2 protein chains.
Amino acid sequence: MNSTSEGLTTTLKQAGLRLTPQRIAICRLLGESHTHPTADSIYLEVHTQYPSLSRMTVYNTLRALVDLGAVNALGSAGDDAIHYDGNTDPHINVACISCHRIEDVPARQVVDLNALVARETGFKLLGARVLYYGFCPACQKSTH
Amino acid sequence: MNSTSEGLTTTLKQAGLRLTPQRIAICRLLGESHTHPTADSIYLEVHTQYPSLSRMTVYNTLRALVDLGAVNALGSAGDDAIHYDGNTDPHINVACISCHRIEDVPARQVVDLNALVARETGFKLLGARVLYYGFCPACQKSTH
DNA sequence: TTTTGTGCAAACGTTTTGCAATTAT
DNA sequence: ATAATTGCAAAACGTTTGCACAAAA
């Protein structure tokens, strides 16, 4: 699962990493929001609670979570920033390259291809990036 | 389909864009290699044939092809460079975040979720990014 | 001929590095 | 106590911009 705030902090602790207030706040944001945030959006939001927070700590924590497979790195959504997904359950994302938002697709047809991919390729998998991109309904009306 | 060199150049022409030798060479590389190249690797390779080629033209052409949906932007593979895929048929990619290579997964189970995603979300889709990342067999032995 | 594309150089923004002060364990 | 983490500043990197020249249509 790993999609909750507690799951993320537990993962960090079990990996021998220290639980600082900054990391806990970052994990809470990742676990409780479904906004697929970027490093900068996390920084801006957590910064209001912890004014001393630096961007470097956000990058540091995100890298740790991605390296542990607890968070997926979805990549850019038209902006040039990496969007992260605290929900590592198999699912599809859609990104609007105009307003740079990413949503989950309410579709049950998605199966867990993790085992299949690992078996076929011999890779030791860490995460997935299943994302379709285009223009959301709102942006189709305005810009296009 | 759009996975051949001719398909890509035809797409550019039909969109009203001019067919310069540089663009043709870039399309040939994208269509005929299965290496999921980055802007820079395309530049380095095509540059040997067209020494006057600039990176800007590569970025320019890639952006046009992505905007036309003829090429998929897969995102980073552990390096911080965007990898592109000239093959837009539904398939799975695996990226090694250690050696930064991306391969296709020989799996037939992948269905075309494009229509499903478009119907469920109302998005006008342009491309897809279906990629699993981790460590390839070779890199598991060496670094890990 | 006219509009589009090219290539250079400089700018941009995101992310990474090195190091002293701080803090979780 | 002690080793890891933080935060600052500065740099690095891939990518984007503005403009004069060249080339496709």
Side-chain angles (χ1 to χ4, degrees), chain A residues 8-27 36-68 71 73-84 97-98 100, chain B residues 8-27 36-68 71 73-84 95 97-98 100 102:
Chain A
L8 294 176
T9 52
T10 302
T11 302
L12 285 179
K13 192 190 293 187
Q14 288 180 344
L17 299 173
R18 293 186 180 171
L19 284 188
T20 64
Q22 295 91 330
R23 285 184 172 166
I24 292 171
I26 293 168
C27 288
H36 307 82
T38 64
D40 203 56
S41 76
I42 292 173
Y43 167 74
L44 290 174
E45 187 147 345
V46 179
H47 185 261
T48 63
Q49 307 167 12
Y50 294 87
S52 74
L53 180 76
S54 81
R55 282 186 172 80
M56 214 225 85
T57 300
V58 178
Y59 286 118
N60 177 338
T61 304
L62 284 172
R63 169 195 281 266
L65 289 168
V66 170
D67 286 352
L68 291 168
V71 160
L74 296 181
S76 158
D79 45 3
D80 297 312
I82 300 168
H83 290 251
Y84 295 89
I97 61 173
S98 176
H100 312 318
Chain B
L8 294 176
T9 53
T10 302
T11 302
L12 285 178
K13 193 189 294 186
Q14 288 179 344
L17 299 173
R18 294 186 179 170
L19 284 187
T20 65
Q22 295 92 328
R23 285 182 172 169
I24 293 171
I26 293 168
C27 287
H36 308 82
T38 64
D40 204 57
S41 77
I42 292 174
Y43 167 74
L44 290 174
E45 185 148 347
V46 179
H47 185 260
T48 63
Q49 307 167 11
Y50 294 85
S52 75
L53 179 78
S54 83
R55 283 186 172 79
M56 216 226 83
T57 300
V58 178
Y59 286 118
N60 177 339
T61 304
L62 284 171
R63 169 195 281 265
L65 289 169
V66 170
D67 285 352
L68 291 167
V71 159
L74 296 181
S76 157
D79 46 3
D80 297 310
I82 299 169
H83 290 252
Y84 295 89
I97 62 173
S98 175
H100 312 317
I102 299 182

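Below, chains carry the letters A, B, ... as their sequence lines are ordered, and counting in each starts from 1. Just so it is clear, the structure is predicted and the values come from calculations on it, not from any experiment.
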**Study point:** Under-4.0 Å side-chain N/O to phosphate OP1/OP2 contact, B:N60 with C:dT6
**Key:** yes

Check your understanding: Counting just side-chain N and O atoms, does B:S54 come under 4.0 Å of either OP1 or OP2 of C:dT6?
Key ->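 For B:S54, the contact criterion (side-chain N or O under 4.0 Å from OP1 or OP2 of C:dT6) is not met.
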
Exercise for review: Run the numbers on A:R23 and A:L17 for side chain to side chain contact (heavy atoms under 4.5 Å, CB included), then give the verdict.
Suggested key: CA-CA 10 Å; A:R23 285 184 172 166; A:L17 299 173; 3.8 Å; yes

**Study point:** Heavy-atom pair of closest approach, residues A:A73 and A:I82
**Key:**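 What the structure gives for the nearest pair is CB-CG2, 4.3 Å.
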
Check your understanding: Side chains of A:Y84 and A:L74: closer than 4.5 Å at any heavy-atom pair?
Key ->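 With C-beta onward as the side chain, the pair stays apart.
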
Review point. Hey, are the side chains of B:C27 and B:L65 touching, using non-hydrogen atoms and a 4.5 Å cut-off?
Key: yes

Point to revise | B:L53 backbone acceptor or donor facing B:T57 side chain under 3.5 Å | key: no

Exercise for review: Please report, rounded to the nearest Å, how far the P atom of D:dT5 is from the CG atom of A:L62.
Suggested key: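 In whole Å, D:dT5 P lies 15 Å from A:L62 CG.
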
Exercise for review: Round to a whole Å and report the spacing from NE2 of B:H47 to P of C:dT6.
Suggested key: 15 Å

Practice item. Spell out protein contact along nucleotides 10-25 of chain C as letters: B when the base is contacted, S when just the sugar-phosphate is, - when no protein heavy atom is under 4.0 Å; keep the 5' to 3' order. Key: ----SBBBB----BBS

Donor-acceptor pairs under 3.5 Å, side chain of residues 40-47 of chain A to any protein atom, not counting sequence neighbours: which ones?
{"residue": "A:D40", "atom": "OD1", "partner": "A:R55", "partner atom": "NE", "Å": "2.7"}
{"residue": "A:D40", "atom": "OD1", "partner": "A:R55", "partner atom": "NH2", "Å": "3.0"}
{"residue": "A:S41", "atom": "OG", "partner": "A:T38", "partner atom": "N", "Å": "3.0"}
{"residue": "A:S41", "atom": "OG", "partner": "A:T38", "partner atom": "O", "Å": "3.1"}
{"residue": "A:H47", "atom": "NE2", "partner": "A:P51", "partner atom": "O", "Å": "3.0"}

